[in-house]
Amino acid sequence: MTRRRRIYEGKAKVLFEGPEPGTLVQYFKDDATAFNNQKKGVITGKGVLNNRISEYLMSRLSEIGVPTHFMRRLNMREQLVREVEIIPIEVVVRNVAAGSLSQRFGIPEGTPLPRSIIEYYYKSDELSDPMVSEEHITAFGWAAPQDLDDMVALSLRVNDYLSGLFLGIGLRLVDFKLEFGRLWENEEMRIVLADEISPDNCRLWDVKTNEKLDKDRFRQDLGRVEEAYQEVARRLGILPEGGPTDVKGPKTLQ
Ligand code: UDP
């Protein structure tokens, strides 16, 4: 195996230099963190499942015209993505009260929201991702007003599409977090969806039982964390044959 240059290591993923200029290899780890890194753990097989789940969701979104950084899956834990300039803002879309929204406003978890709510958080581990307003984002130059308009429009499309997709397999999309990047092509810039979409950054509840099938099982020590991620993949029809076993090193699929 040739050693590739490591560009960036995050909590759940590693980015390596890609095979061609303008590409990166995104490697999905089994590591899990919560509460701004205070809780750390390993969810066995998570990286394999999230690689698959994110591939599937990004591909479906691309088909309906949502631009994404995703190019193709390379192997069990890696996907080829376009290199983008990450906008340091996490966009959270909420349909049902949960997590920090429930805590902040004292709204019981599970209360449907009168309409979808968008929130922004500034990506900074040192500052614990503080919540920010559009004013902060544009005044501090993290994104231009036009970038922000594009991010909101794309986030709402993603929400509509994924809410329907998940409802079709008996899951409620309670909330989720998106990240965007700037992609430069022939002097032109467009905003594209980046990072990943998986049970690490979505809340997914079974429609009938309200069972949580996402990272809250890890955050709240609910047990059966791996099984929850597997169940999401199973319902999407993409559970790898033979279960989420790992491969020994990268092997490119043709
Ligand atoms: N989220 C995320 N990364 C973060 C913070 C939140 O992916 O750093 C996701 C989280 O999984 C949930 C949504 O964004 O689907 C809203 O999270 P919330 O603000 O309720 O924070 P939490 O309760 O996760 O601390």
Side-chain angles (χ1 to χ4, degrees), residues 8-13 26 28-41 43 46-47 49-51 53-54 57-58 61 68-69 86-113 115-133 136-137 142 151-152 154-156 158-163 165-167 171-181 193-206 210-222 225 228-229 232:
Y8 175 82
E9 175 144 12
K11 290 169 222 152
K13 295 189 291 296
Q26 185 165 259
F28 287 74
K29 300 191 280 187
D30 284 348
D31 298 355
T33 62
F35 312 118
N36 192 42
N37 249 336
Q38 286 171 39
K39 183 179 169 106
K40 288 189 177 132
I43 304 173
K46 172 173 83 81
L49 290 163
N50 281 357
N51 186 23
I53 293 170
S54 198
L57 298 176
M58 291 276 186
L61 286 166
T68 83
H69 75 156
I86 289 285
I87 294 169
I89 298 297
E90 297 188 342
V91 179
V92 168
V93 184
R94 301 178 181 275
N95 300 307
V96 176
S100 70
L101 179 124
S102 287
Q103 279 177 6
R104 203 174 325 119
F105 301 115
I107 303 174
E109 277 223 326
T111 310
L113 298 172
R115 62 182 177 84
S116 302
I117 292 176
I118 295 195
E119 296 171 350
Y120 310 103
Y121 295 85
Y122 177 53
K123 268 167 73 76
S124 163
D125 285 341
E126 303 87 80
L127 302 173
S128 313
D129 296 350
M131 192 177 185
V132 293
S133 73
H136 299 117
I137 296 171
W142 296 320
M151 288 158 67
V152 169
L154 289 171
S155 298
L156 292 175
V158 170
N159 185 40
D160 283 349
Y161 181 78
L162 291 188
S163 292
L165 183 148
F166 281 121
L167 207 53
L171 293 174
R172 177 156 291 124
L173 181 59
V174 170
D175 57 32
F176 59 97
K177 184 265 291 181
L178 298 177
E179 293 188 27
F180 294 90
L193 194 55
D195 192 48
E196 67 175 287
I197 309 180
S198 72
D200 266 11
N201 43 41
C202 298
R203 283 197 170 93
L204 297 165
W205 296 358
D206 183 89
N210 278 335
E211 187 190 5
K212 295 177 178 180
L213 294 172
D214 54 55
K215 207 169 98 176
D216 270 354
R217 299 204 73 83
F218 168 76
R219 292 189 189 98
Q220 301 169 6
D221 293 318
L222 299 176
V225 188
Y229 282 66
V232 173

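Side chains are part of it too, since the values below use all heavy atoms of this structure and drop only hydrogens, waters and symmetry mates. Residues: numbered from 1 along the sequence shown. Just so you know, ligand 1 is whichever comes first in the structure, and atom 1 is the first atom listed for that ligand.
Residues N95 and S116 share a closest heavy-atom pair of OD1-OG, 2.9 Å. Among all heavy-atom pairs drawn from A97 and L101, the shortest one is CB-CD2, 3.6 Å. Shortest non-hydrogen contact noted between L213 and V232 is O-CG2, 3.5 Å.
If you look at ligand 1, the protein residues with a non-hydrogen atom under 4.0 Å away are E90, V92, R94, A98, G99, S100, Y121, D129, D175, F176, K177, D200, N201, C202, R203, R219.
The pair R203-D175 counts as a salt bridge, with a side-chain nitrogen and a carboxylate oxygen less than 4.0 angstrom apart.
Applying the side chain to side chain donor-acceptor pair (under 3.5 Å) rule to Q38 yields no partners; only residues at least two apart in sequence or on another chain are considered.
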Hey, mind stepping through S102 and R94 against side chain to side chain donor-acceptor pair (under 3.5 Å) and telling me if it holds?
CA-CA 11 Å; S102 287; R94 301 178 181 275; over 6 Å; no
